[in-house]
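See structure below.
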Amino acid sequence: MSNSYRIARERYAEFGVDTDIALQQLAGIAISLHCWQGDDVGGFENPDAGLSGGIAVTGNYPGKAHTPIDLRKDLEMAYSLIPGRHRLNLHAIYPETDRQVARNEIRPEHFAGWVEWAKGSIQGLDFNPTLFSHPLAESGFTLSHQDAGIRDFWIEHCIACREIGAYFGREMGTPAVTNIWIPDGYKDTPVDRASPRLRLRESLDRIFAEEIDPQHNLDAVEAKLFGIGSESYVVGSHEFYLGYAVSCQKLLCLDAGHFHPTEVISDKISSALIYVPELLLHVSRGVRWDSDHVVTLTDELQAIMQEIVRGGYQERVHIGLDFFDASINRVAAWVIGTRSALKALLMALLEPAARLRQLEAEGDYTARLALLEELKAMPFGAVWDHYCWQQDVAVGYAFMDQIKAYEKNVLSKR
Ligand code: RNT
Ligand code: ZN
């Protein structure tokens, strides 16, 4: 044990905080890494098809993964630099097939390679139907499309994805969260805002008609304020999905980049959890028009993790990441974003929670403010370093040596 950790442990103990217990708790929290950071949301369905449908990736940093083997290798590298045991979040465009399989015909066997790999490497798998980058999504509408045939196609796709989620859950022994996000919306002001929403509700009802054991699969729905090409109207708005998730008791997915610039998801967690059973978070970072910058240790990231820990919601909030940056080393992006999320979690776990609550209950807001501010100067970094050392991953900035070596030996040769 380093001297700096010993000193940090004493400093936190003065506030009644046991750093060893905080680290044990942190080790029990699995974050779901999103596979799509590794290849700019490309997928393996059709190597020639580009990303389209309301989201975009910018940058052309060399070395992106082109095959499942590349992607898994990159993920292994990333996981080896992130302390703890974590999950992988797959999208439906990442199957392993010898010919192109239509989206409404994908089956568990097309993802068997992922399961085999995941069993030896990670804690669990999550899933997402892909309702973009496809000719039948080109119009900007999928589950809420006017055309019943197009809706049916996407409904079948989502049903197939729930089955794959259940397969992941059974095989991994931990439920998969299968999250539905659709790009549906209008670039310019519509005159009929209601009909697409009524159609979306009907499509979702059909997708969820079959009960699936929640031990295997949990369904989530993800709202958005606006997207590229849906600036004026998004069918699946926050109110739409909050209402849907409450009435059908589904998981609500809150993406940190999907709200007005000054609106934060940290404040939504305690309200939503009164009415929905569980939440999925897409931890992301909005920057102006983009909702998907690499996660950094911002005030809002800290606030999100504080809410989870202060509320004791660890069992009801699934933490997933959602960002894509092709302008920097993609493996490093995973590592930086996940390590930041874990740092924020650790900071939250190191709070003298009982004392802060007591000050608030007593109405001593002066002391509450003073303590919250002093906590920011506590030797958190020494506890984080100790955790990385304990979990046998690179301590501090040293992880970049491994990233650079991997870039030189592997990525630059692709
Ligand atoms: C898009 C949503 C969605 C996607 C992924 C790739 O705005 O955030 O979660 O990022 O499905
Ligand atoms: Zn998202």
Charged N to carboxylate O below 4.0 Å: is that the case for Arg330 and Asp74? no
Phe153 meets the ring pair (Phe, Tyr, Trp, His ring centres under 6.0 Å) criterion, sequence neighbours left out, with His134
Phe127 meets the ring pair (Phe, Tyr, Trp, His ring centres under 6.0 Å) criterion, sequence neighbours left out, with Phe111, Phe168
Next on the checklist: Between Asp39 and Lys64, does any NZ, NE, NH1 or NH2 come within less than 4.0 Å of an OD or OE carboxylate oxygen?
Outcome noted: no
Legend entry - Donor-acceptor contact present, side-chain His145 to main-chain Asp147, <3.5 Å: yes
Going by atom type alone, with no hydrogens or angles, which donor-acceptor pairs under 3.5 Å involve a side-chain atom of residues 183-190 and a protein atom two or more places apart or on another chain?
unit_1	atom_1	unit_2	atom_2	d
Asp184	OD1	Thr142	N	3.0
Asp184	OD1	Thr142	OG1	2.7
Asp184	OD2	Thr142	N	2.7
Asp184	OD2	Thr142	OG1	3.4
Asp184	OD2	Leu143	N	3.4
Asp184	OD2	Ser144	N	3.1
Asp184	OD2	Ser144	OG	2.7

TODO: Go through the side-chain N and O atoms of Ser2 and Ser4 and say whether any donor and acceptor fall under 3.5 Å apart.
DONE: yes
Residue set satisfying ring pair (Phe, Tyr, Trp, His ring centres under 6.0 Å) with His386, at least two apart, ordered chain then number -> Tyr5, Trp389
From the list Val276, Val246, Leu204, Leu254, side-chain contact (heavy atoms from CB on, under 4.5 Å) partner of Tyr241 resolves to Leu204
Please indicate whether Gln146 has more than 12 foreign heavy atoms, meaning atoms of other residues, nucleotides or ligands, lying under 6.0 Å from its CD. no
Checklist entry - Is Glu239 salt-bridged to Arg193, cutoff N-O under 4.0 Å? => result no
Thinking salt bridges, do Asp152 and Arg206 make one under a 4.0 Å N-O criterion? yes
Residues at least two apart in sequence or cross-chain that pass ring pair (Phe, Tyr, Trp, His ring centres under 6.0 Å) with Tyr167, listed by chain then number, are none
Any ion pair linking Glu163 and Arg107 (charged N to carboxylate O, less than 4.0 Å)? no
side-chain hydrogen bond (donor to acceptor under 3.5 Å, both in side chains) pairs touching residues 41-54, sequence neighbours excluded, are Glu45-Arg103, Ser52-Glu138
Are Arg368 and Glu360 close enough for a salt bridge, meaning some N to O gap below 4.0 Å?
yes
Under 4.0 Å between a side-chain nitrogen and a carboxylate oxygen: does that hold for Glu263 and Lys268? yes
Salt bridge present between Asp255 and Lys224 (N-O < 4.0 angstrom): no
One should read off an interatomic distance between Ile31 CD1 and His318 NE2, to the nearest 0.5 angstrom, of 13.5 Å
| message | Please tell me whether His86 and Tyr79 form a close aromatic pair, meaning their ring centres lie under 6.0 Å apart. | response | no
Distance flag, aromatic centroids of Phe132 and His91, threshold under 6.0 Å: yes
| Does a salt bridge link Glu407 with Lys404, judged by any charged N lying under 4.0 Å from a carboxylate O? | no
